Amino acid sequence: MINELPRVRFAPSPTGYLHVGGLRTALYNYLFAKNNNGTFVLRIEDTDRNRYVEGAVENLISALNWAGLQYDEGPEIGGDYGPYMQSERLDIYKKYADELIDTGKAYYCFCTPERLKALREEQEKQKLPQAKYDKHCAHLSNEEIQKNLSSGIPKVIRLNVESDNTIQFDDIIRGHVEFESNNVDDQVLIKSDGYPTYHLANVVDDHLMKITHVIRGEEWLSSTPKHVLLYDAFNWERPVFAHLPLLLNPDRSKLSKRQGDVAVEDYRDKGYLKEALINFVALLGWNAGDDKEFYYLDELINNFSLERVNKSGAVFDLQKLNWLNAEHLRKKTDSELLEMLKTEIQKSKFKDQNYSDKFLLLIINSMKERVSFIKEFIDTCTYFYEAPTEYEQKAIEKNWKTDTPNQLLKLKEEFAALSNPTKEDFENSLTKISEQLNVGKGKLIHPLRLALSGQSTGPGMFDLLFILGKDEVITRIDTALNRISSC
RNA sequence: GGCGCGUUCGUCUAGUGGCUUAGGACACCGCCCUCUCAAGGCGGGGAUCACGGGUUCGAAUCCCGUACGCGCUACCA
């Protein structure tokens, strides 16, 4: 393995969507591969026919692509290449399972589900320290085996685990780990439907695909001794293992659907930037040892190392994700934001309006520091797109005084006299009126903002005036004068 | 129950025996800036480093127990 370029894989089962925990596993694999000029393989572990979900694979790949984690190789499909599909490799697993039978490392088992269930119940009743298969079929004579085989009784193939052994392996993240073979069950390798279980398919594929580093979730740590046993039984070199800490709910249980969104597509649909999600998820269990928090994918690639991955689980905290989203959004160029805003508008009630780029760019620049999500360029400031339909009651109480109508009238007249006013023209006019009336600019600005936007918060006053334009400003002042004063 | 893994501010984390009165980030609070809200700047509260024993001149850091949490314990992955 010296000087060999690493080969890693992301091996999800097609459950319907890409879990954010899966995204992080995929990301760490990807980062490790790219950091070492290695290869990132995608393999779909679809060996459970009962769990097949229509469209799940396409969904998985599109989520991975959206996140920017392209896989590097796979079997040819036309000119393209797809992921490896375990369901298309059944004969391979069969061949290796047979090899294990021949060498006595595995055996046929004809036990019925009923007997297995009874066995488990009995073991539980006797309060045996660990429940496992009793090797009943390992002791069958050759004649019995042949008889059962030829009469077509349903069968599985089980791994023959020797007792009284210590199984050891090293994990980059966990260090040295040991298990007693007495605690390892005679795992089913090939199911009665002819499909392999995860354990066999996983080991065979990782070997055949020359995977050098198995980087996966911590939930696999307990079954790693089974995998180690299989490598040894085949006399294959073991890969390096790295078991990643889990992602957790706020109550520290394993991140689940019940307590929030877990699918990558949920976050995408809610308007999270892929840069933010990737950045966030990368930091859940890894850091470079400095204070840097803001990363782009290529920076992550350059800085990543498995040695710096943490051991303990990390709570998936939306607040930090939201902050990162805002940070990434602000780093976007105006033209990137413009394109995003345009597609967002297509999803909004303003889709039939034909806004000029210039107009949208003005909105973007006035709101950039005030939003965390693209959609907020629309729904926190709808007043740019349409006149306010109502006025914030609290703001009325606070800012709409008895002399307000008169002041706004004065402002309106002043504005009306301008032709093609710039932002500065508006500012000069307002300054002039404030001096004339001998009131602070703030006294004019607050009610004016309310009249124009219906709100008490928003971008700079003169930006708002300029973006709306003289005619719209005048119309809105009139409307507000009528509606608020009559309240 | 058994086996395994883990445990530093609310959350993500720095820390690998003395540089630590435990540092940073998010969140929270205050001040500054200011036409509001943000952004930005400055500051604040917040972790007896799960607990108890050792080892050591000295431990968040090493060792041993305990507790708690989580994972696995399927012909699921």
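Note that the coordinates shown come from a computational prediction; the quantities given were computed from them, not determined experimentally.
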Base paired to C75(B) (Watson-Crick or G-U; both N/O distances under 3.5 angstrom): none

Ignoring backbone atoms, establish whether K191(A) has a side-chain N or O less than 4.0 Å from OP1 or OP2 of A77(B). yes

Nucleotide C5(B), atom C1' - distance to CG of N310(A) in whole Å: 14 Å

Taken to the nearest whole Å, CG/L321(A) to C1'/U11(B) is 13 Å

Check the angle between the aromatic planes of F316(A) and F280(A) and answer parallel, tilted or perpendicular using the 30° and 60° thresholds. perpendicular

Looking at F466(A) versus F426(A), is the centre-to-centre ring distance below 6.0 Å? no

Closest of C5(B), G24(B), A77(B) to the D291(A) side chain is G24(B)

N/O (side chain, N399(A)) to phosphate O (OP1/OP2, C35(B)) under 4.0 Å: no

First encountered from the 5' end of RNA chain B, between L221(A) and V315(A): L221(A)

Does the base of C75(B) carry an N or O that pairs as donor and acceptor with the side chain of R158(A) under 3.5 Å? no

Which label fits F179(A) and F169(A): parallel for a plane angle under 30°, tilted from 30 to 60°, or perpendicular past 60°? parallel

Rounded interatomic separation in angstrom, taking CG from L465(A) and P from U36(B): 16 Å

Where the side chain of R120(A) is defined as all heavy atoms beyond and including C-beta, which of G24(B), A77(B), A74(B) is the nearest nucleotide? A74(B)

Whole-Å distance separating the CG atom of L248(A) from the C1' atom of C5(B): 13 Å

Is any side-chain N or O of R308(A) closer than 4.0 Å to OP1 or OP2 of U16(B)? no

Minimum-distance nucleotide (side-chain atoms of R449(A) versus U36(B), G4(B), C5(B)): U36(B)

Searching all strands shown, indicate the nucleotide that pairs with C68(B) (Watson-Crick or G-U wobble; both distances under 3.5 Å). G6(B)

Let's test this: given Watson-Crick or G-U wobble pairing with both distances under 3.5 Å, identify the partner of A60(B). none

Could you tell me the separation between the CG atom of L444(A) and the P atom of U36(B), rounded to a whole number of Å? 14 Å

What about R370(A), does its side chain sit under 3.5 Å from the base of C37(B) through a donor-acceptor pair? yes

What is the pairing partner of A14(B), taking Watson-Crick or G-U wobble pairs with both distances under 3.5 Å in any strand? none

Looking only at atom P, what distance separates G24(B) and C32(B), rounded to whole Å? 24 Å

Nearest whole angstrom, please: distance from the P of A25(B) to the CG of N279(A). 15 Å

Considering every strand shown, what is the Watson-Crick or G-U wobble mate of U36(B) when both distances are under 3.5 Å? none

Pair E218(A) + K311(A): basic N to acidic O under 4.0 Å: no

Look at K94(A) together with D98(A) and state whether they make a salt bridge at an N to O cut-off of under 4.0 Å. yes

Quick one: CG on D463(A) to CG on N365(A), what's the gap to the nearest 0.5 Å? 8.5 Å

Nearest-nucleotide wise, let me know which of A131(A) and R24(A) is further upstream toward the 5' end of RNA chain B. R24(A)

May I have the distance from E114(A) (atom CD) to A74(B) (atom P), rounded to whole angstrom? 17 Å

Do the side chains of E376(A) and R370(A) get close enough for a salt bridge, i.e. N-O under 4.0 angstrom? no

Compare the minimum distances between each of U11(B), C75(B), C12(B) and the side chain of D317(A), then state the nucleotide with the smallest one. U11(B)

Watson-Crick or G-U wobble partner of G45(B), both distances under 3.5 Å: none

Quantified in whole Å, what is the P atom distance between nucleotide U73(B) and nucleotide G65(B)? 27 Å

Compare the minimum distances between each of A77(B), A38(B), U13(B) and the side chain of R51(A), then state the nucleotide with the smallest one. A77(B)

Report yes or no: is there a donor-acceptor pair, N or O only, under 3.5 Å between the side chain of K320(A) and the base of A25(B)? yes

When you check the phosphate oxygens OP1 and OP2 of C72(B), does a side-chain N or O of K254(A) lie under 4.0 Å from one of them? yes

Starting from C1' on A77(B), measure out to OH on Y84(A) and report it in whole angstrom. 21 Å

With a 4.0 Å cutoff (strictly under), does any side-chain N or O of T47(A) reach OP1 or OP2 of A77(B)? yes

With a 4.0 Å cutoff (strictly under), does any side-chain N or O of N287(A) reach OP1 or OP2 of A14(B)? yes

